[in-house]
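Structure first, then comments.
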Amino acid sequence: MIQLAYIRSNADEVIKRLSLRGIDAAETVKEILDTDKKARDCRSEMEQNQARGNQIAREIGELMKSGKREEAEQKKSETAAIKERLKTLETDVETLEARVKELIISLPNTPHESVPHGKSADDNHTVLTWGSVPALPENALPHWELAAKYDIIDFELGVKIAGAGFPVYKGKGAILQRALIQFFLNEANKAGFTEIQPPIVVNADSGFGTGQLPDKEGQMYYAPLDDLYLIPTAEVPITNMYRDVILEESALPIKNAGYTPCFRREAGSYGAHVRGLNRLHQFDKVEIVQIVKPENSYQVLEDMSAYVQGLLQKLGLHYRVLLLCGGDMGFASAKTYDMEVWSAAQNRWLECSSVSNFETFQTHRLKCRYRNAAGKTEQAHSLNGSALALPRIVAALLENNQTADGIRVPEVLVPYTGFDIIA
RNA sequence: GGUGAGGUGGGUGAGAGGCUGAAACCACCAGUUUGCUAAACUGACGUACGGGGUAACUCGUACCGCGGGUUCGAAUCCCGCCCUCACCGCCA
């Protein structure tokens, strides 16, 4: 969330930045400032009354000790009015401050100045394109047909067991999944990320910390009996490891990577492009997370983007990098790059990674700070990125690498799969 | 699921209505001493919000798991909830 103190002294800047998302926040910001002013006045009066009450209580204590019971009794009556007044003030402060918080929480993160203005995916900037469109044999098939042809992914079986969007991977299909996970984790290790195996359910506090709650309430699977949410991404449990902590400066940057299955209800999404692996309720993903010093976060964003691109290059996949416009960015992000792989049989780009700098948006919610050289606590910056999400990578691999003899496995994966062709 | 114990500052742990934002010890930081290191000694050392000051700092308030209650006054008493640990049961 945006810091209240920041809004107070940079209201116009906040409005200007949010306009990059196509949002007019002028009214909300005005209400925040007005309500905050009232809340502070109220709190000030409340605290003065509390101070007075504390003082009288202390005096009574002294009187009691020196045996002046009568004077003490007299003092007691003085507190009645204060207590009465306090009751009202406390309720007012609570109401006003809750309103301020509610309003602030409703605001998405302010985009970085380099984020292009825009409303939708059409306004995203293509930063670069790598590789070229692969030449496919005649009668090339989309991945869902390849999956059936080689009996490596069974979508219907998944429907029977759980429902649409829960595919069953079989044989070499399952091995390919495992190989990719292992490959991604090993690469992350080599790049200095510490591997984490987090819980794949989280409590509501964690959901709030990374911004899924209350913004995306309906998008997570929820187990009411235990009040737990199935994670939509490893970002949630991993980033929440740093909730309510004050880190030592020497601990930064923190670099974590973790594999988890991810669960998404995808409520409300629909459309033609959801066949096969394009959109699932359960999928596998290796996520990378960093907690860094503020002055480094934009360099780290570039580094993480380069790292993810390195993976795609090793897999030999034709991809492009998009700089998302304000309107297409996630709620919590200040700047996001999306990586899209080319799906040769579908003739379209598929998003397979999203790398974001959240600046202090998450760390404020998380109360994740670090102690700087001067011994002052300072808000850390958090970033994360998919490195990578499997389904669309698999879709692209199957489609782009199909040959008359079968599906060619990228060289870097062969040590992990133990086979070089799916036939 | 049952029974019992317990949640206090970075850690261990005292406190059992006012003298406690909190003893003591450890860790961390600064300084003194010392060929270096270590040891010893001295000092500083929680967080958040609000007010004042360029600032070092200072004043006020809140916080001893969370939420209520009793009281002039609560870490301390009462009620509810959550969590942790131990043992038993069940079990991958």
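Each chain gets a letter, A, B and so on, in the order the sequences are listed, and its residues count up from 1.
The CG-C1' distance, from A:L86 to B:rU71, rounds to 15 Å in whole Å. A:E90 has its CD atom 10 Å from the P atom of B:rA62, to the nearest Å. In this structure, A:L89 places its CG atom 21 Å from P of B:rC49, rounding to the nearest Å. The distance from atom NZ of A:K101 to atom C1' of B:rC49 is 13 Å, rounded to the nearest whole Å. Summarising the geometry, the separation between CD on A:E59 and P on B:rC72 is reported as 16 Å, rounded to the nearest angstrom. To the nearest angstrom, P of B:rG50 lies 18 Å from NZ of A:K38. Rounded to an integer number of Å, the gap from A:N54 CG to B:rG17 P is 20 Å. Straight-line distance from the CZ atom of A:R58 to the C1' atom of B:rU61: 12 Å, rounded to whole Å.
Candidate nucleotides B:rC49, B:rU47, B:rC72 were compared by shortest atom distance to the side chain of A:R371, and B:rU47 ranks first. Picking from B:rC72, B:rA62, B:rG50 the nucleotide with the shortest atom distance to the side chain of A:Q50 gives B:rA62. Nearest to the side-chain atoms of A:K83 among the listed nucleotides B:rG51, B:rG73, B:rU47 stands B:rG73. The side chain of A:M64 lies closest to B:rC72 when the candidates are B:rC72, B:rU47, B:rG50. The side chain of A:R43 sits closest to B:rC49 out of B:rG51, B:rC72, B:rC49. Residue A:R369 has its side chain nearest to B:rU47 when only B:rU61, B:rU47, B:rG50 are considered.
Across all strands shown, B:rA86 pairs with B:rU3; the Watson-Crick or G-U wobble distances both stay below 3.5 Å. Here B:rG60 sits opposite B:rC49 as a Watson-Crick or G-U wobble pair (both hydrogen-bonding atom distances under 3.5 Å). In this entry B:rU12 has B:rA24 as its Watson-Crick or G-U wobble partner, both defining distances falling under 3.5 Å. If you check B:rG80 for Watson-Crick or wobble pairing at under 3.5 angstrom, you find it paired to B:rC66. With a 3.5 Å ceiling on both atom-pair distances, B:rU54 lacks any Watson-Crick or G-U wobble partner. Pair check for B:rG31 finds B:rC41; Watson-Crick or G-U wobble, both atom distances under 3.5 Å.
You won't find any donor-acceptor pair under 3.5 Å spanning the side chain of A:E47 and the base of B:rG50, going by distance alone.
Separation of the P atoms belonging to B:rU70 and B:rC29 is 48 Å when rounded to the nearest angstrom. With P as the reference atom, B:rA38 and B:rC28 are 10 Å apart, rounded to whole Å. As rounded to the nearest Å, B:rA22 and B:rU32 have P atoms that lie 29 Å from one another. Annotation: B:rG46 and B:rA56 have their P atoms spaced 15 Å apart (nearest Å). Distance check on atom P: B:rC77 versus B:rG7 gives 11 Å, rounded to whole Å. Nucleotides B:rA75 and B:rG18 are separated by 10 Å at their P atoms, to the nearest Å. Between B:rC19 and B:rU76, the distance separating the two C1' atoms is 15 Å to the nearest Å. B:rC83 and B:rG65 have their C1' atoms separated by 7 Å, with the value rounded to a whole Å.
Between the side chain of A:Q219 and the backbone N or O of A:E266 there is at least one donor-acceptor pair closer than 3.5 Å.
Within a 6.0 Å radius of CD in A:E411, no more than 12 heavy atoms belonging to other residues, nucleotides or ligands are found. More than 12 heavy-atom neighbours from other residues, nucleotides or ligands sit within 6.0 angstrom of CD on A:E249.
Geometrically, A:K172 engages A:F419 in a cation-pi contact, judged by NZ or CZ lying under 6.0 Å from the ring centre and within 45° of the ring axis. Note that A:R365 lies in the cation-pi zone of A:F208, set by a 6.0 Å cut-off to the ring centre and a 45° limit from the axis.
Within 4.0 Å (heavy atoms only), A:R52 reaches no atom of the nucleic acid at all. A:T79 comes within contact range of the sugar-phosphate backbone alone, with a heavy-atom separation under 4.0 Å but no base atom that close. Contacts of A:T377 with the nucleic acid, taken as non-hydrogen atoms under 4.0 Å apart, involve only primed sugar atoms and P, OP1 or OP2. As judged by a 4.0 angstrom heavy-atom cut-off over every strand, A:M46 is placed among residues making no nucleic acid contact. A:I56 comes within 4.0 angstrom of nothing in the nucleic acid, heavy atoms only.
Residue whose closest nucleotide on RNA chain B sits further toward the 5' end, between A:D36 and A:I246: A:I246. Toward the 5' end of RNA chain B, the nearer of the two residues A:S44 and A:Q55, judged by each one's closest nucleotide, is A:S44.
To the nearest 0.5 Å, atom CD1 of residue A:I56 and atom CD1 of residue A:I82 are 4.0 Å apart. The distance from the NZ atom of A:K38 to the CG atom of A:L96 is 7.0 Å, given to the nearest 0.5 Å.
Checked for salt-bridge contact, A:R58 and A:E62 miss the test: no charged N lies under 4.0 Å from a carboxylate O.
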